[in-house]
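A short worksheet on the structure shown next.
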Amino acid sequence: MPAKKSKTPTLGERLISALEDVVAHESGESLSLEQVRPRPIDVRAIRASVRMSQARFATEFGLSKRALQEWEQGRRQPDPAICSYLTVIAREPAMVRRALHSS
């Protein structure tokens, strides 16, 4: 007898579950929600992978040079949106350049 496959919830089922959580929250129920914590990001390694100085990297990708220095030296962490942006830069730097510099 074949083993039963665990069924992955469909998009509709996930949406219904999410809306049930919203309704429960609105009616004052205490919810235990999963917390997603971003993985640390190595900004220096990303910059090194595209072989740019801090000044050029900041200018090329529209970032603050000072913030870049703070992230690389571990004094600050980029917010989640910047972490996502840096991840895209790490994976597709040419695509980001085209998107930013196209007319």
Exercise for the section: For S64, check side chain to side chain contact (heavy atoms under 4.5 Å, CB included) against everything at least two apart and list the hits. Expected result: R66, A67
Practice task
Report yes or no: does Y85 contribute a side-chain atom to a donor-acceptor pair with the main-chain N or O of F61 at less than 3.5 Å?
Solution key: yes
Handout entry: salt_bridge(K7, E13) N-O dist < 4.0 Å
Key = yes
Handout entry: Residues forming a side chain to side chain contact (heavy atoms under 4.5 Å, CB included) with E29, sequence neighbours excluded
Key = A24, S27
Handout entry: R75 atom CZ, neighbour heavy-atom count above 12 within 6.0 Å
Key = yes
Handout entry: Distance (rounded to the nearest 0.5 Å) between I89 CD1 and R97 CZ
Key = 9.0 Å
Handout entry: K65 side chain near T59 side chain, heavy-atom distance below 4.5 Å
Key = no
Problem - E72 with R44: basic N within carboxylate O range, under 4.0 Å - result: yes
Fill in the blank from the handout: Rounded to the nearest 0.5 angstrom, the CG-CD distance for L63 and Q69 is 12.0 Å
Handout entry: Side chain to side chain, L19 and I16, heavy atoms closer than 4.5 Å
Key = no
Practice task
Enter the distance from E20:CD to L15:CG here, rounded to the nearest 0.5 Å.
Solution key: 11.0 Å
Handout entry: Heavy-atom closest pair, residues L100 and E60
Key = CD1-O, 3.7 Å
Exercise for the section: Quick one: pull up NE2 in H101 and CZ in R98 and give me the separation to the nearest 0.5 Å. Expected result: 11.5 Å
Problem - Least distance between heavy atoms, V43 atom then L68 atom - result: CG1-CD1, 3.4 Å
Handout entry: Shortest non-hydrogen contact from I82 toward P78
Key = CG2-CB, 3.6 Å
Practice task
Mark yes or no for whether R47, through its side chain, and F57, through its backbone, hold a donor-acceptor pair below 3.5 Å.
Solution key: no
Exercise for the section: State the CD1-CD1 distance between I41 and I46, to the nearest 0.5 angstrom. Expected result: 3.5 Å
